[in-house]
Student: 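Here it is, the structure, as C-alpha cells.
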There are 2 protein chains.
Amino acid sequence: MKLDPQDIEARFRRHAVRVTRQRAAIYAALVETTSHPSADDLYRLVKRQQPMMSRNTVYYTLGVLRNAGLIREVNVGHDMARYDGNVSLHHHLICLGCGQILDVLDEDLNRLQLSNGQARGFDVLRHRVEFHGYCVSCQQAERNVSPRRK
Amino acid sequence: MKLDPQDIEARFRRHAVRVTRQRAAIYAALVETTSHPSADDLYRLVKRQQPMMSRNTVYYTLGVLRNAGLIREVNVGHDMARYDGNVSLHHHLICLGCGQILDVLDEDLNRLQLSNGQARGFDVLRHRVEFHGYCVSCQQAERNVSPRRK
DNA sequence: TGCTATGTAGGAATCATTCCTGTCTAGCAA
DNA sequence: TTGCTAGACAGGAATGATTCCTACATAGCA
Ligand SMILES: [Mn+2]
Ligand SMILES: [Mn+2]
Ligand SMILES: [Zn+2]
Ligand SMILES: [Zn+2]
C-alpha cells in the first residue's frame, strides 16, 4: 500500500513517535512491501535514498516503531528478525527453502484460544500460527536435484 | 520421563545415530525434563557428569538428534534456541516475562490446515501454534512493581 | 528563536552459534 | 579379536546479527 508523507506524519504523531526523515523512509518501505524484510534488507533499501543512513538507526527505529505498535516483528527460526508493516491480526505461511513469508488471513485462526485448563493461569495476550512448507519454485528446484520428493 | 541406557541406545540405533556417552547424556537430559532447555542449559547440566564435555559437542549433537527426528527445536522470538525431547505433535504456551515454555496438547490445534486457496501452491509440511502471555508468578511480579496492569 | 530531550552516525563490543583442526573412537569387516 | 576409517570430540578461533557507546545534530515545544 502506497502512503504519502502526510499519512506517515499523522500516524507517527498519533502514536507519539517523533517525525524524522529516516523514520519516515523506513516505515514507508515497510508498509509498501509485502515481503516481511529483515533489518538489513531495509537498511540496504533505504540507504539508496539516504546514503548517510546508519544500520544502527534502522535497528533503533524498528524498535521505536515496534514499541509504538506501528509495526510487528516476525520471527522465523533463528534467522534474522523480519518485520511486518501490517499490524492487523493475521498469520504466516513460510517457505523452508527460500525463506519467503506470505500472509494468511483467516478469521478462524484469529479466534483460536486455550481452554481454562490448558491456560494454567496464564494471562494470554496473543497467539501466533505459522505454516511451514515449500513454495512452488522451491518444490521445482528440489525436483531438479533429486528425482523424487525427499 | 525416565529412560534407561538400553532404551536410549535402541532409539539411537533405530535412527542410525552412533551411540556415544556424550550423546546419551544430552538426549537423556532433554527427554527427562519438560523445561525446553537451551543448548547452554544442557551444556551446564551435562557438564556436571562429564566435565570434559565441550559446548561444541552439545551444539553438534543437538544438530544430529534434530536431523534424526529424535528431538525438536523450539524457537521463541530471537532468544537462544530451545530444545524439546518430546517429538509428538503438540504446541506451546510461552511466558513473555520469564521465558518458560509449557506444552499444549490439543487435537484440534494439531489438525489445523490451510484451504487450497490459502496455501498458494505450497507443500505444507507442518504448522506451529504458540500462545504468548504472562504466567501466574510473572503476573504477580508485575503487580508488585506497578499498581495496575500495563 | 533557543533549549533540551531525543535521534543519528559510526565504530566498538557482545555473544550465541558455527567453523576449523588435530586427536579419538564406534561400528564394521576380516 | 583386531585394525580401519568415517564420523565424533575438545578446544579455540571466527562469524555475524544485534546492541552498546559517544559525540554531534535536530524535532518539538515554550
Ligand atoms: Mn504479515
Ligand atoms: Mn514441548
Ligand atoms: Zn521457496
Ligand atoms: Zn513467567
Side-chain angles (χ1 to χ4, degrees), chain A residues 5-6 8-27 29 36-68 70-71 73-83 99, chain B residues 5-6 8-27 29 36-68 70-71 73-83 99:
Chain A
Q6 288 90 334
I8 293 175
E9 191 173 327
R11 289 191 190 186
F12 281 14
R13 295 199 192 284
R14 204 174 312 132
H15 290 258
V17 170
R18 281 208 194 177
V19 181
T20 70
R21 207 163 30 85
Q22 292 88 336
R23 287 175 179 186
I26 292 166
Y27 181 69
H36 306 87
S38 68
D40 215 61
D41 292 337
L42 288 165
Y43 171 65
R44 290 194 304 272
L45 198 64
V46 173
K47 201 178 172 66
R48 294 211 292 253
Q49 308 149 25
Q50 302 187 27
M52 296 303 285
M53 173 73 64
S54 112
R55 198 175 255 105
N56 181 51
T57 298
V58 175
Y59 280 105
Y60 181 75
T61 296
L62 289 170
V64 168
L65 296 178
R66 172 168 34 72
N67 292 340
L70 282 162
I71 68 173
E73 198 172 312
V74 182
N75 304 97
V76 182
H78 282 101
D79 296 340
M80 296 177 280
R82 306 275 292 261
Y83 294 88
Chain B
Q6 288 91 334
I8 293 175
E9 190 172 328
R11 289 191 190 186
F12 281 13
R13 294 201 192 284
R14 205 174 312 132
H15 290 259
V17 170
R18 281 208 195 176
V19 180
T20 70
R21 209 164 26 88
Q22 293 89 334
R23 287 177 180 186
I26 293 166
Y27 181 68
H36 306 86
S38 68
D40 216 61
D41 292 336
L42 288 165
Y43 172 63
R44 289 194 304 272
L45 199 64
V46 173
K47 202 179 173 66
R48 294 210 292 252
Q49 307 150 27
Q50 302 187 28
M52 296 302 285
M53 173 73 63
S54 113
R55 196 176 255 104
N56 182 50
T57 298
V58 176
Y59 280 105
Y60 181 73
T61 297
L62 290 171
V64 169
L65 297 178
R66 172 167 34 71
N67 293 340
L70 282 162
I71 67 172
E73 196 173 313
V74 183
N75 303 101
V76 183
H78 282 100
D79 296 339
M80 295 177 280
R82 307 275 291 262
Y83 295 88

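Throughout, a chain's letter reflects where its sequence line sits, starting with A, and its residues are numbered from 1.
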Student: Within this structure, what is the OH-CG distance for the pair A:Tyr43 and A:Asn56, rounded to the nearest 0.5 Å?
Tutor: 10.5 Å
Student: It should be established whether B:Thr57 places a side-chain nitrogen or oxygen under 4.0 Å from OP1 or OP2 of nucleotide D:dA10.
Tutor: yes
Student: What is the distance, rounded to the nearest whole Å, between atom CG of A:Asn67 and atom P of C:dG7?
Tutor: 11 Å
Student: What is the separation between atom CE on A:Met52 and atom C1' on D:dT26, rounded to the nearest whole Å?
Tutor: 15 Å
Student: Below the 4.0 Å mark, does C:dT18 have OP1 or OP2 next to a side-chain nitrogen or oxygen of B:Tyr59?
Tutor: no
Student: Quick check for you: to the nearest 0.5 Å, what is the distance between A:Leu70 atom CG and A:Ile26 atom CD1?
Tutor: 12.5 Å
Student: Indicate whether OP1 or OP2 belonging to D:dA10 is found under 4.0 Å from a side-chain N or O atom of B:Gln22.
Tutor: yes
Student: Respond yes when some side-chain nitrogen or oxygen of A:Gln50 is under 4.0 Å from OP1 or OP2 of C:dA9, and no when none is.
Tutor: no
Student: Between CG of B:Asp40 and CG of B:Leu45, what distance do you get to the nearest 0.5 Å?
Tutor: 11.0 Å
Student: 5'-most contact on DNA chain D: B:Val58 or B:His78, nearest heavy atom basis?
Tutor: B:Val58
Student: Roughly, in whole Å, what's the span from OH in A:Tyr60 to C1' in D:dC20?
Tutor: 13 Å
Student: CG of B:Leu62 versus P of C:dT18: gap in Å, rounded?
Tutor: 10 Å
Student: Nearest 0.5 Å please: distance from the CE atom of B:Met80 over to the CG atom of B:Asn75.
Tutor: 12.5 Å
Student: Does the side chain to side chain contact (heavy atoms under 4.5 Å, CB included) test come out yes or no for A:Phe12 and A:Thr20, once each step is laid out?
Tutor: CA-CA 10 Å; A:Phe12 281 14; A:Thr20 70; over 6 Å; no
Student: Return the value, rounded to whole Å, for the distance between atom NZ of A:Lys47 and atom P of C:dT8.
Tutor: 14 Å
Student: To the nearest angstrom, how far is B:Tyr43 atom OH from D:dG12 atom P?
Tutor: 10 Å
Student: Just the atom pairs and distances: protein N or O near nucleotides 28-30 of chain D's N or O, under 3.5 Å.
Tutor:
from   : atom 1 : to      : atom 2 : distance (Å)
D:dG28 : OP1    : A:Arg13 : NH1    : 3.3
D:dG28 : OP1    : A:Val19 : N      : 2.9

Student: Here's a test of your reading of the structure: between B:Asn56 and A:Arg23, which maps to the more 5' nucleotide of DNA chain C?
Tutor: A:Arg23
Student: I need the CE-P distance between A:Met80 and C:dT18, as an integer number of Å.
Tutor: 15 Å
Student: Is B:Thr61 touching bases, backbone alone, or none of the nucleic acid, heavy atoms closer than 4.0 Å?
Tutor: sugar-phosphate
Student: Separation of A:Tyr83 atom OH from D:dA17 atom P, in whole Å?
Tutor: 13 Å
Student: Which atom names give the shortest non-hydrogen contact between B:Met53 and B:Lys47, and what distance separates them?
Tutor: O-NZ, 3.4 Å
Student: Would you please test A:Tyr83 and A:Glu73 for side chain to side chain contact (heavy atoms under 4.5 Å, CB included) and show each step?
Tutor: CA-CA 5 Å; A:Tyr83 294 88; A:Glu73 198 172 312; 3.8 Å; yes
Student: Looking at B:Arg55, does any N or O in its side chain come under 4.0 Å of the phosphate oxygens OP1/OP2 on D:dC9?
Tutor: no
